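These numbers were taken from a predicted model, which means no experiment stands behind them.
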Amino acid sequence: MRTRSMRSSAAAPTQSSAAAPTQPAAAGSSMSFLALPLDVLRHAASYCDRPSVVVAVPRWRGDARQALRAGVDVAERARFPGATTVREAEAFLRDEDGLRYGLTRLAAGRRLCNCTYSGRGLEFVLPLLSYGALPSVGRLEDPSVTPLHGCAWGFPESTATAKILISAGADVDAKVLNPQFAYSANAGPSPLSRTLWQDPNTGPLWSRLHQILTQYQTARVLIAGGADISMANDDYKTAGGEGFDHDLRSMLDYVRNYLSGVHIREDEVHDQILVELEALAVELLDIVNAALHVAE
């Protein structure tokens, strides 16, 4: 009995020594997580678009870091249509000088706003959003307007840009979203109000048919994204100033009547634009009428 006891006590240190870790110690929960198969780690990380899950893993676990990085890349690309990883976006923007305002999400958001106002297409909008730009921040020069307001000007890619901004979380009714400025209901027109804005005194609509068509297509995207039509109508009446007697309904009706009375046909392209625009004006007028009727 004594011999067995001595053998048992002598064997214990040997077993403990064999199990001693050769790598830095880690918390029990972390070690349990990292003990999962690499494909499981990759799949789990694909639901998290935060690179911090990779940074938290010890560097000596390169296989786990690589698996988690691959999963996070999947999550980052799934944030909205056309998204890239943060690293890919940063590399592109550095090459294109797209981060000249700094590296913060606020600074990137201001750059994003300037891009939509200057008609820069998705070539810049997608990397900025992928980098983490705030999608509803105000312009540096005018913090009362946002990237969605920039889509109101009817540039060729404005409608597609508006869709991406909304899918990335942009506020469809944004007016002022800037830490330096308090929110104000009188900060200016909403994106929908500005998108539908037409002033009969700025020249014949015929010369701006393609632009108006894009604006109305963008307006439909904003409405589908949940834009407040009643708010936009109030903004529209206020924005015209003293003596301006139009609201969304009367202006849409004005455009519809104008288009229905146009008999000039320049070419097939203009003819198609005219047909599409007239149908869209009628569609928007019906939507606005219905929404304002409920509000009243």
Check your understanding: Going by heavy atoms in the side chains, are Pro191 and Asp173 under 4.5 Å from each other?
Key -> no
Point to revise | Validation row: Val172, Leu192 side chains within 4.5 angstrom (heavy atoms) | key: no
Practice item. Please tell me if the side chains of Leu280 and Gln217 come closer than 4.5 Å, counting only heavy atoms from C-beta onward. Key: yes
Check your understanding: Under the side chain to side chain contact (heavy atoms under 4.5 Å, CB included) test, which residues partner Pro156, sequence neighbours left out?
Key -> none
Point to revise | Minimum heavy-atom distance Ala108-Tyr131, with the two atoms named | key: CB-CD2, 3.9 Å
Review point. Does Ile212 reach the side chain of Leu277, with side-chain heavy atoms less than 4.5 Å apart?
Key: yes
Point to revise | For Tyr216 against Val255, the heavy-atom pair lying closest together | key: OH-CG2, 3.3 Å
Review point. Can you find a pair of side-chain heavy atoms, one from Tyr236 and one from Met231, that are under 4.5 Å apart?
Key: no
Check your understanding: Looking at OG1 of Thr214 and CD1 of Ile273, how far apart are the two atoms once the value is rounded to the nearest 0.5 Å?
Key -> 8.0 Å
Review point. Which residues pass the side chain to side chain contact (heavy atoms under 4.5 Å, CB included) test with Thr84, sequence neighbours left out?
Key: Glu88, Ala89, Ser130
**Study point:** Residue pairs fulfilling salt bridge (Lys or Arg N to Asp or Glu O under 4.0 Å) with at least one residue in residues 216-227, sequence neighbours excluded
**Key:** Arg220-Glu283
Check your understanding: Which residue pairs pass the side chain to side chain donor-acceptor pair (under 3.5 Å) test with at least one member in residues 152-161, sequence neighbours excluded?
Key -> Thr159-Thr218
Review point. Does the side chain of Asp247 come under 3.5 Å of the side chain of Ser250 through a donor N or O and an acceptor N or O?
Key: yes
Check your understanding: Which distance, rounded to the nearest 0.5 Å, do you find between the CZ of Phe92 and the CZ of Phe124?
Key -> 5.0 Å
Study note, to complete from the structure: Residues passing the side chain to side chain contact (heavy atoms under 4.5 Å, CB included) test with Asp286, sequence neighbours excluded, are Val282
Check your understanding: If every non-hydrogen atom of Pro147 is compared with every non-hydrogen atom of Cys113, which pair is closest and at what distance?
Key -> N-SG, 3.5 Å
**Study point:** Nearest heavy atoms of Ala219 and Leu284, plus distance in Å
**Key:** CB-CD1, 4.4 Å
Review point. Looking at side-chain heavy atoms only, is the closest gap between Arg111 and Leu128 below 4.5 Å?
Key: yes
Check your understanding: By side chain to side chain contact (heavy atoms under 4.5 Å, CB included), which residues pair with Leu285, not counting sequence neighbours?
Key -> Arg249, Leu252, Asp253, Arg256, Asn289
Check your understanding: Among Leu222, Val221, Thr195, Leu165, whose side chain to side chain contact (heavy atoms under 4.5 Å, CB included) with Cys151 holds?
Key -> Leu165
